[in-house]
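Here the structure is laid out as structure tokens; the discussion comes afterwards.
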There are 2 protein chains.
Amino acid sequence: MKSGEGGGLGKRKAYILATVVYEYIATAEPVGSQSLTQKYNLGVSSATVRNDMAELEAGGYLVQPHTSAGRVPSDAGYRTYVDRLMEPELLQSEERHRIRDELRDASRELDEIIDNATRLLGRLSKNLAFVTKPQPDAQTFRHIQLIWLTARTGVAIVVTSLGVSAQSMFELAADATPDDLTRLSNALNARLGNRVLREVAEAEVAASVAEAALGEDVKQAVLTALRNARSAEAPTVSAAGAQNLLDQPEFQDLRKLRSILRIVEEQKTLYDLVADSMTSESASVKIGRELGQDEMTDFSIVTVPYRFGEQAIGMLSILGPRRMPYGRLMALAAGTAETLTERLIDVEIK
Amino acid sequence: MKSGEGGGLGKRKAYILATVVYEYIATAEPVGSQSLTQKYNLGVSSATVRNDMAELEAGGYLVQPHTSAGRVPSDAGYRTYVDRLMEPELLQSEERHRIRDELRDASRELDEIIDNATRLLGRLSKNLAFVTKPQPDAQTFRHIQLIWLTARTGVAIVVTSLGVSAQSMFELAADATPDDLTRLSNALNARLGNRVLREVAEAEVAASVAEAALGEDVKQAVLTALRNARSAEAPTVSAAGAQNLLDQPEFQDLRKLRSILRIVEEQKTLYDLVADSMTSESASVKIGRELGQDEMTDFSIVTVPYRFGEQAIGMLSILGPRRMPYGRLMALAAGTAETLTERLIDVEIK
DNA sequence: CTTAGCAGTCTTGGCGCCGGAGTGCCAACC
DNA sequence: GGTTGGCACTCCGGCGCCAAGACTGCTAAG
């Protein structure tokens with residue numbers, strides 16, 4: 001549950017802070033000096049704890065909901081707990097296996113795998129889980145196919161190493177034949193093979209179009225199609241477990257819940273909340289105001305990136321009350337991310 | 001607001017029932033005889049209304065939350081109101097235009113159009129809106145393309161009249177060349193053109209495979225791919241506006257909200273609730289227990305199918321408290337469905 | 001059949017009170 | 001100087017009580 005040193009706090013105060021956070025996470029009740037000494041063997045009296053708590057409050061780690069109530073951790077209190085006081089948790093091997101089993105059975109379609117992982121994480125964490133779907137532009141180009149539909153319309157399909165990633169309809173200013181599009185598809189495939197999508201340059205498309213002896217309008221259509229295929233402004237986010245939040249006592253206030261639901265529906269906002277955690281190596285945590293949204297002061301988010309090969313291509317996150325079991329949720333998210341990473345190797349198109 | 005005859009109720013009782021329902025929908029408070037006579041010009045005294053209300057209760061149209069409270073409509077009361085008492089509402093032409101404008105700007109991708117319509121309906125109705133996406137099997141076949149990825153893997157892309165509808169990865173038991181797949185694609189396209197997907201028979205696929213001189217394993221792969229492309233067990237459902245429900249007084253009880261959120265996440269359940277309304281000509285309404293789910297006794301759903309050409313291919317629904325403004329929501333859903341129907345013609349691939 | 005009047009019922013909200021938990025401070029102690 | 005027991009004080013939350021308000025059902029008269 002706790003231990004560690006805790007910055008310039010002094011050993012005992014750090015320990016008390018850790019215990020207060022731990023106890024508050026468990027009970028959702030402000031914790032007082034007396035109940036703390038009764039429940040935990042602190043080796044000092046409640047009066048001493050009281051003094052330390054007063055100093056922890058002065059230092060900004062704890063706050064009092066009102067005089068004559070116990071203390072509750074502040075953002076800084078949680079932050080210190082997460083960064084320096086809490087012991088990292090590990091998943092039970094039983095849970096580890098469960099995650100593996102549930103993700104293995106899922107289909108080989110990328111979207112379904114992601115959705116499955118999201119639901120699983122929602123269930124296990126008993127909070128709201130959300131997972132960003134991989135942006136195609138970090139994936140490797142495998143195949144493009146321009147399909148002729150009518151003389152002036154067609155659809156471009158791009159297949160990447162993680163599966164069919166996108167399709168995009170196009171219109172032409174001049175007539176084309178099915179054969180034109182096939183020639184161009186072949187030229188593009190020859191030229192772009194095994195390239196990371198992001199690095200495909202306009203000049204290469206232009207060269208292929210020229211090789212197929214087609215005009216400017218086709219070039220524009222292909223470029224647009226590729227751009228669409230590459231990435232949306234914000235990736236799609238899959239979410240699950242909103243109903244779990246209702247069990248938390250902090251949601252007696254429906255307005256909080258309202259803003260959460262709204263944010264979850266606006267996928268862009270949800271993505272922006274965690275976008276910068278993509279580059280993090282392991283689990284990262286944002287607590288309360290750190291999320292930068294007034295409506296989210298009572299929430300925290302744990303985020304872990306998942307990878308394809310070496311490259312981080314998406315993130316798993318858990319959103320819950322600020323009073324969340326950080327250690328456990330970080331372990332869960334990390335374990336699921338790891339399993340998802342392994343799973344993606346399985347479905348790679350080589 | 002009301003009027004009409006109302007079955008074997010007698011004119012005045014029907015009118016009183018209509019007024020009670022109307023008033024309860026507006027205020028969410030049980031309505032009593034006295035306040036009713038004060039607010040509406042019924043032409044009779046509160047004592048008379050009292051007597052009629054007692055009979056309406058005996059007839060099962062009204063219920064009392066407790067003695068000495070006003071009355072509240074029962075499922076049967078709402079049902080009678082919706083079927084026979086209420087006046088159909090029409091949308092303001094301003095609203096009509098707003099719907100048209102918002103749906104016009106959306107992209108030409110089917111999924112985005114549907115998502116847009118869902119969000120719009122959620123916003124306008126101030127309730128939870130959900131829309132089923134069209135099952136491909138009612139659409140017309142336009143093109144199939146088998147794309148060669150490796151000697152034993154490929155992906156099948158099916159394009160229908162409403163756009164790329166599905167892709168499906170396949171594995172082969174024996175090696176194939178890109179040319180094999182191209183030949184087969186051409187054979188299939190020649191044979192299946194302009195057919196409704198649902199009606200494509202196994203024999204036709206077999207004939208095309210034979211024509212391309214390919215084996216049983218390819219045939220199975222194509223059949224599976226077509227089956228996947230055709231329809232999932234239940235169509236995907238797009239939902240929006242869950243947060244609107246929080247404004248309703250009936251949601252002080254969080255357990256109700258919990259089950260709603262759960263059901264919305266389980267798309268299958270949501271779809272099953274309304275599946276049988278697909279064949280209905282206009283707006284259909286399910287009230288409380290009519291939904292056949294214990295957790296949903298306090299809710300109602302309004303559903304309107306939307307079409308592609310003559311054929312109903314999906315439904316727009318609004319889920320809200322049983323105490324919902326039926327007339328308005330029916331008009332809204334119908335108006336949105338109509339606009340969506342028109343919009344789909346625009347994006348048809350001819 | 002309708003209506004006025006009336007007694008009875010039930011919920012809701014305000015008020016005051018008390019108990020519990022916790023704090024801060026002080027003086028004593030090691 | 002840090003630690004501790006003791007004590008006075010504060011504040012929230014729950015409980016019981018009461019009064020107000022809103023309805024109902026019933027009865028008897030119009």
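Bear in mind that the values here come from a model prediction, so they are computed numbers and not experimental data.
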Could you list all N or O pairs between the protein and nucleotides 9-12 of chain C that sit under 3.5 Å apart?
unit_1 : atom_1 : unit_2  : atom_2 : d
C:dT9  : O2     : B:Ser68 : OG     : 3.0
C:dC10 : O4'    : B:Ser68 : OG     : 2.8

Separation of [X] atom [atom1] from [N] atom [atom2], in whole Å?
X	N	atom1	atom2	answer
B:Lys13	C:dT2	NZ	C1'	15 Å
A:Gln34	D:dT4	CD	P	14 Å
B:Lys39	D:dC23	NZ	P	11 Å
A:Lys11	D:dT3	NZ	C1'	18 Å
A:Glu29	D:dG13	CD	P	10 Å
A:Arg71	D:dC12	CZ	P	15 Å
B:Leu56	D:dG25	CG	P	12 Å

- Task: Inspect the surroundings of CD in B:Glu95 and state if more than 12 heavy atoms from other residues, nucleotides or ligands are less than 6.0 Å away.
- Result: yes
- Message: I want to verify a distance call: between C:dT3, D:dC23, C:dT2, whose nearest atom is closest to the B:Val44 side chain?
- Response: C:dT3
- Item | Residue pair B:Val285 / B:Ile301, side-chain heavy-atom distance below 4.5 Å | no
- Note on the structure: Note: contacts of residues 45-55 of chain A with DNA chain D (heavy atom, under 4.0 Å) are A:Ser45, A:Ala47, A:Thr48, A:Arg50, A:Asn51
- First of A:Pro30 and B:Gly43 reached from the 5' end of DNA chain C, by closest nucleotide: B:Gly43
- Message: Assess the residue pair B:Phe130 and B:Leu128 against the criterion (side-chain contact (heavy atoms from CB on, under 4.5 Å)); give the C-alpha distance rounded to whole Å, side-chain angles, the decisive distance to 0.1 Å, and a yes or no.
- Response: CA-CA 7 Å; B:Phe130 62 96; B:Leu128 180 110; 4.1 Å; yes
SB check [X] [Y] (cutoff 4.0 Å):
X	Y	answer
A:Asp75	A:Arg289	no
B:Asp52	B:Arg12	yes
B:Glu23	B:Lys39	yes

- Message: Looking at C:dA21, I'd like to know if its phosphate oxygens (OP1 or OP2) sit under 4.0 Å from a side-chain N or O belonging to A:Ser35.
- Response: no
- Item | Minimum heavy-atom distance A:Pro65-A:Val63, with the two atoms named | CD-O, 3.8 Å
- Task: Report the C-alpha distance between B:Lys286 and B:Ser277 in whole Å, list the side-chain angles of each, state the deciding distance to 0.1 Å, and finish with yes or no for side-chain contact (heavy atoms from CB on, under 4.5 Å).
- Result: CA-CA 9 Å; B:Lys286 298 198 174 187; B:Ser277 299; 4.1 Å; yes
- Just jot down the ring-ring contact (aromatic ring centres under 6.0 Å, His included) partners of B:Tyr78, sequence neighbours excluded, or say none. B:Tyr326
